[in-house]
Amino acid sequence: MSKKVRVRFAPSPTGGLHLGGVRTVLFNYLFAKQNGGDFIVRIEDTDQTRFVDGAEDYIFKTLEWCGMVPDESPLHGGPFAPYRQSERKANYRKFADQLVADGFAYYAFDTTADLEAMRTEYKTPENPSPQYNHSLREKMRNSISLSAQEVTNLLAAGTPHVVRIKMPLNDTVSFNDMIRGEVSFNTAQVDDKVLLKADGMPTYHLAVVVDDYQMQITHAFRGEEWLPSAPVHLLLWKYLGWEAEMPQWAHLPLILKPDGNGKLSKRDGDRLGFPVFAMDWTDSKTNETTVGFKEHGFLPAAFVNLLAMLGWNDGSDQEIFTMQELIAKFSMDRVHKGGAKFDYEKAKWFNHEWIKKTPVAELVDHIKILFAQKNIAISNNDLLAKVIELVKDRCTVLPDFISQSSFFFEMPATVDIAAVKPKWDDKKNMFFTELIRAYELSNQWESHDLEREFKELSAANDLKPGELMLPLRIMLVGGKFGPGVFDIAALIGKEDTCKRIKDFLSLMQHS
RNA sequence: GGCCGGUUCGUCUAUCGGUUAGGACAGCCCCCUUUCACGGGGCAAAGACGGGUUCGAUUCCCGUACCGGCUACCA
């Protein structure tokens, strides 16, 4: 009689979603779907000072792009609504009060200035960050140090106050992490965290416990940075009397910056020149846009794939997985403990593999949009499909299709004359003049026909085809790149092929 | 400083006590290609250190070092 699996992703709407966040979603999602469970998104917006407009919308757009649709969320609704903590505000106070009544928490009236003073006063070289804990709480202004009468008066006077957990003096709290195994803490080492803020909002610590309980979350996955506060959460589950319902925890390893150490941040992407956010994010205050994987030209399947491989593998040599395969094969006990440095080169390799793997028909729409953005109208989808088929192997990100194939749809923007000029002579000039005539008369316009005619003509002129193919490429493409020249000629057609050769010839004459 | 976590090629990783420590990305070389890629083949490259346990440790235990996270009325 195991309960239905319910997992949740609980972002705070403070900006774009980065790699680590999306990977946390992914692992949640994979685990839920594998177990036929529900994937819930809960918005943790308890800090009103950090609220950023548009961030929530961005989160849902990102999830949609990645193909991870929540079963319940503020956007999708669900039986446990509301799914925004700010809208659940009224819900938390009673639990905080209950904890106080039961002696597990207390009211604290210290002002910000009081706290600062305490930190300065007790700061020593051995203890650079003094904590509001068992040794100091008696010295502060709270319902433990103050008399019952004073507390009643302060409360009655509406004095701003917070509720803090009263950490036991010397207890051991331990739990079994799905990734790390047994982890334990001495409660003397953890401070009396604030549970309810002066504005009546819960902090993360209270909210996560209350909401996970009320939303019947069975498995709670989050980043490793939460490990130190786990004992607070564990104790809260116990103090609130919900221990039997507590979810299983898993603390995911961090994604690290590629160079040096530390966790990957948006800044690293800016600095090293690669995306860190899933999609473009524009800061509404500075109007600065941070580029995302989507806009950088990654396929969602590739993005999901590369994220999954950062800290997980199925034990085989397989690296390319579809979402369906991931759902089938994912297992929490194969998730790594250690953090992984993000390698953008490998990320591009995943995308390249996915571009090669994705059917042309699915690529057409994406690429058509990219061309439209460059003001290149594509009228012929059939031609576009053939072009994509021809160049996809050499594209690692979507915009590569533009540089690799724009010449199919318009005259080359620039022509690399310098590549041809030094070895150019009258014989070659004559050859191409004849080639135009031959091609114009040609009634076969297939790649192999064009190549045959080209070679016959070069033999007749006593020229080596090798010396002529690069010039032809430059004429048609503009540079030293692209698929086979005759494949190109075949696709751009007789008229354009001849015109480009003619144009080049006259360009040579005038330069 | 304290607490917690982590540690296999440059990077992502395989190895559930016995392997020439495997794969992938990146790098280098060769082949294919009358461009560039793709593809194929090859080279180079790793168990942080010190103790145990064991017939035998990358693997289990302890210590050290190093790295990271946390140490807010932020999440």
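Only heavy atoms go into these numbers, but all of them, side chains included; no hydrogens, no water, no symmetry mates. Order of the sequence lines fixes the chain letters, A, B, ..., with proteins taken first and strands second; residue numbering starts at 1 for each chain.
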Side chain of Arg180(A): nearest nucleotide among U35(B), G6(B), C4(B)?
G6(B)
Any side-chain donor near an acceptor of the partner, Asn28(A) and Arg8(A), under 3.5 Å:
no
Quick one: label Ser12(A) by what it contacts on the DNA or RNA (base, sugar-phosphate, nothing), any heavy atom closer than 4.0 Å.
sugar-phosphate
Whole-Å distance separating the CD atom of Gln85(A) from the P atom of A75(B)
9 Å
Distance in angstrom units between Lys193(A) NZ and A72(B) P, rounded:
6 Å
Is any side-chain N or O of Lys197(A) closer than 4.0 Å to OP1 or OP2 of A75(B)?
yes
Taking atom types as they are modelled, would you say the side chain of Lys346(A) forms a donor-acceptor pair with the base of A24(B) within the 3.5 Å cutoff?
yes
Could you state the CE-P distance from Met118(A) to C73(B), rounded to the nearest angstrom?
8 Å
Can you tell me if Lys263(A) touches the phosphate of C70(B), counting only side-chain N or O atoms and a distance under 4.0 Å to OP1 or OP2?
yes
Report which part of the nucleic acid Ala198(A) touches: base, sugar-phosphate, or nothing (heavy-atom distance under 4.0 Å, all strands).
base
For the side chain of Arg334(A), starting at C-beta, report the closest nucleotide among C38(B), C70(B), U15(B).
U15(B)
Which part of the nucleic acid, if any, lies within reach of Ile474(A) when heavy atoms closer than 4.0 Å are counted: base, sugar-phosphate only, or nothing?
nothing
Under 4.0 Å, counting only non-hydrogen atoms across every strand here, what does Val485(A) touch: a base, just sugar-phosphate, or nothing?
nothing
Which way is the base of C66(B) turned, syn or anti, if we draw the line at 90° from 0?
anti
Would you say A75(B) has OP1 or OP2 under 4.0 Å from some side-chain N or O of Arg50(A)?
no
Looking at every strand, decide which applies to Asp191(A) at a 4.0 Å heavy-atom threshold: base, sugar-phosphate, or nothing.
nothing
So which nucleotide from C73(B), G5(B), U13(B) ends up closest to the side chain of Val162(A)?
C73(B)
Could you please name the partner base of C43(B), counting Watson-Crick and G-U wobble pairs only when both distances are under 3.5 Å?
G27(B)
What is the distance from CD1 of Ile488(A) to P of U35(B), rounded to the nearest Å?
12 Å
Pairwise 5' ranking along RNA chain B for Asp47(A) and Leu310(A), keeping only the more 5' one
Leu310(A)
State whether Trp424(A) and Lys421(A) meet the cation-pi test: NZ (Lys) or CZ (Arg) under 6.0 Å from the six-membered ring centroid, and within 45° of the perpendicular axis.
no
Closest to side chain of Asp343(A), choosing from U13(B), G6(B), G10(B):
G10(B)
Find out whether Phe432(A) and Phe504(A) are in side-chain contact, i.e. whether some heavy atom of one side chain is under 4.5 Å from a heavy atom of the other.
no
Tell me the partner of U33(B), counting only Watson-Crick (N1-N3 plus N6-O4 or O6-N4) or G-U wobble (N1-O2 and O6-N3) with both under 3.5 Å; none if nothing fits.
none
Verify whether the ring centers belonging to Phe27(A) and Phe9(A) lie closer than 6.0 Å.
no
As a test of reading the structure: which of A24(B), G23(B), A14(B) is closest to the side chain of Glu319(A), going by heavy atoms?
A24(B)
For G68(B), what is the paired nucleotide under Watson-Crick or G-U wobble rules, both distances under 3.5 Å?
C4(B)
Close side-chain approach of Asp212(A) to Trp237(A), heavy-atom, < 4.5 Å
yes
Check every strand shown and say whether Gly484(A) touches a base, only sugar-phosphate, or nothing at a heavy-atom separation below 4.0 Å.
base
Are the aromatic rings of Tyr204(A) and His233(A) close, with centres under 6.0 Å apart?
yes
Does a side-chain N or O from Lys392(A) land closer than 4.0 Å to OP1 or OP2 of A37(B), or not?
no
C3(B) P sits how many Å from His134(A) NE2, rounded?
12 Å
Between His205(A) and Val232(A), the two heavy atoms sitting closest are CB-CG1, 4.2 Å
For Val391(A) and Gln404(A), the nearest pair of non-hydrogen atoms, with its separation, is CG1-O, 3.8 Å
NA contact type, Pro483(A), heavy-atom cut-off 4.0 Å: base, sugar-phosphate, or nothing?
base
With heavy atoms under 4.0 Å as the rule, sort His352(A) into base, sugar-phosphate or nothing.
sugar-phosphate
If you check the Leu227(A) side chain, which of G39(B), G5(B), G22(B) turns out closest?
G5(B)
Which of these nucleotides, G5(B), A72(B), G69(B), is closest to any side-chain atom of Glu224(A)?
G5(B)
Sugar-phosphate only, base, or nothing, as touched by His336(A) at under 4.0 Å among non-hydrogen atoms
sugar-phosphate
Between P of U11(B) and CG of Leu272(A), the distance in whole Å:
15 Å
Nearest-angstrom distance from the residue atom NZ of Lys89(A) to P of C73(B)
18 Å
Does the structure show a Watson-Crick or G-U wobble partner for C55(B), both distances under 3.5 Å? Name it, or say none.
G18(B)
For a quick check of understanding: with a heavy-atom distance under 4.0 Å over all strands, which category does Ser184(A) fall into, base, sugar-phosphate or nothing?
sugar-phosphate
Nearest of A75(B), G6(B), C4(B) to any side-chain atom of Lys337(A)?
G6(B)
When both distances are under 3.5 Å in a Watson-Crick or G-U wobble arrangement, the nucleotide paired with C49(B) is G63(B)
Select from Leu256(A) and Trp226(A) the residue whose nearest nucleotide in RNA chain B is closer to the 5' end of that strand.
Leu256(A)
